[in-house]
Student: 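Handing you a structure now.
Residue numbering restarts at 1 for every chain, and letters A, B, ... go by the order of the sequence lines. As the structure is a prediction and not an experimental result, all values here were calculated from the model.
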There are 2 protein chains.
Amino acid sequence: MPANNQNNLNNGISVDCVIFGFDFEKLQILLIEREPGKKDNPLDYALPGDLIYNDENLDQAANRVLKELTGLENIYLEQSAAFGSLDRTQRESDRAWLESVRDQPDLRVITISYYSLVNINAFDPKPSSFASKLVWKPVAEIEDLAFDHFDILNQALDNLRNRLKIRPIGFNLLPEKFTLSQLHKLYEAILGRELDKRNFRRKMAKLDLVVRLDEKQQGVPHKPSNFYKFNTENYQKLIEEGYDNFGF
Amino acid sequence: MPANNQNNLNNGISVDCVIFGFDFEKLQILLIEREPGKKDNPLDYALPGDLIYNDENLDQAANRVLKELTGLENIYLEQSAAFGSLDRTQRESDRAWLESVRDQPDLRVITISYYSLVNINAFDPKPSSFASKLVWKPVAEIEDLAFDHFDILNQALDNLRNRLKIRPIGFNLLPEKFTLSQLHKLYEAILGRELDKRNFRRKMAKLDLVVRLDEKQQGVPHKPSNFYKFNTENYQKLIEEGYDNFGF
DNA sequence: GCAAAAGTGTTAACTGTACACCCATGA
DNA sequence: TCATGGGTGTACAGTTAACACTTTTGC
């Protein structure tokens, strides 16, 4: 980043990143804990986000901000929505924080939100810049967030679910080798409801998006699960053919 | 609008409106013709859009801009996407126009796009402000537009089609009384492909979204069509219940 | 042998799709 | 009486949804 970028900050436009993470248990979300120690106030948790520069486009800004605050990079971010309420940064509990990090804390800021879904175990967020502490929190337990970030989260979750209905889940979301149970749990976590095991497996088999590997789990105290990998070619083919009903 | 609003313009953020119109034939789009007379250059057609004010939110801005440029109001606008490429306003053919209407024609502007679908015959756009002439153009015939407006159009069209898959078409899109053939043509126009007449009617009947009126077309040189109206209650009920598969 | 998760088939209801003819009207 | 678009039913294929037991492993 050029040294004079500070002068090039666009004080009216920010990006916010909704990073969903999956640990084979619950759907989680990556948040900045603004006042470590002073726990259990939902308003002290915020999405990683910041102002954009004038010499970068929105996608670049989202990737840069995510990297600067969390260290995460090479994550596919999908644009979600724009938020521009006049009062979105006017909450009392957010004012002090804004004054500490912004040149013009009173300026109305419009934010463009992005979302992604990653495998929690494959990424290790490292707090930096004003993100003094980062935490993964289960989405289902979040009741509110700083600014209008709770709205942004819910919007992104809607988008993620709708996307799942018209596209199969991407390849970046699971380890290279995974079991069908893991994939099953992933779908259930995103959709927030149970899916019948047999029906799920049948559907996956029919779509031909996963390939059975000649390898099993080791050392588990139950019947070991077979590993699978994604069938990248078929995924591309399905997308290109306009197949858009994965029926979940 | 307050007189001092001119000082309150946000030079970095605009809204653009993709107004789809349906005339029971083709899906059309409302465009500003920038140089009337100098026809057939697609780059002389632009979406109605303008900078926002700092004392209005994005939805308000979209509605205001649409009204100022076209006279259209009380149209439900749905947010589509944000566009922020660095070069989106840098095309040579757009420079002169920008210089004539903007204080800071060189500034990078991020735009938030909105879309809607209206019944062409129920709205009568009146050009005003810098929109010297407005035209409806068939979407299928558009090959390019000013700025990045062709991208914005295609994005909005995608959104409209996807929306149709998870929600029934809204009530603002057809006259109060309409025939099933009109509704049928509307769906075909949006989706850009033919739908079987019998299957379409069966599906509509099952969804229970339209109510047969005791009234027929008059003076048509063929069997007169029955009029229908929307069943607003059932529409609301379906949306609330989370029914989201209209299967087209 | 027991606890724990993997893996597997069948049936019934529903949904999508393909397809062709008669009807009511104005001219 | 003809041209025009309105309106209707059926059968097949495919998809969804509900449901319970056996298998393999570590301990």
Student: Without decimals, in angstroms, what is the distance between B:E194 CD and C:dA18 P?
Tutor: 11 Å

Student: For A:F123 and A:I75, work out which heavy atoms get closest and say how close.
Tutor: CE2-CG1, 3.7 Å

Student: May I have the distance from B:L195 (atom CG) to C:dT15 (atom P), rounded to whole angstrom?
Tutor: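 About 18 Å, once rounded to whole Å.
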
Student: In whole angstroms, how far is the C1' atom of C:dG7 from the CZ atom of A:F200?
Tutor: 14 Å

Student: Can you measure B:L207 atom CG to C:dG16 atom C1' for me and round it to whole angstrom units?
Tutor: 13 Å

Student: Looking at A:D16, A:D158, A:N159, which one forms a side chain to side chain contact (heavy atoms under 4.5 Å, CB included) with A:S80?
Tutor: A:N159

Student: Check for a donor-acceptor pair, side chain of A:H149 on one end and backbone N or O of A:A46 on the other, with a separation under 3.5 Å.
Tutor: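 Between the backbone of A:A46 and the side chain of A:H149 there is no qualifying donor-acceptor contact (under 3.5 Å).
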
Student: When the ring planes of A:F24 and A:F22 are compared, do they come out parallel, tilted or perpendicular, using 30° and 60° as the limits?
Tutor: perpendicular

Student: Between C:dG9 atom P and A:K203 atom NZ, what is the distance in whole Å?
Tutor: 19 Å

Student: Is it the case that the side chain of B:R34 and the backbone of B:L43 share a donor-acceptor pair, with hydrogens and angles ignored and the cut-off at 3.5 Å?
Tutor: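 Judged by distance alone, yes, a pair lies under 3.5 Å.
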
Student: For nucleotides 6-14 of chain D, read 5' to 3', which letter fits each nucleotide if B means a protein heavy atom sits under 4.0 Å from the base, S means only the sugar-phosphate is that close, and - means neither?
Tutor: BBBBB----

Student: Please confirm whether B:F230 and B:Y235 have ring centers closer than 6.0 angstrom.
Tutor: no

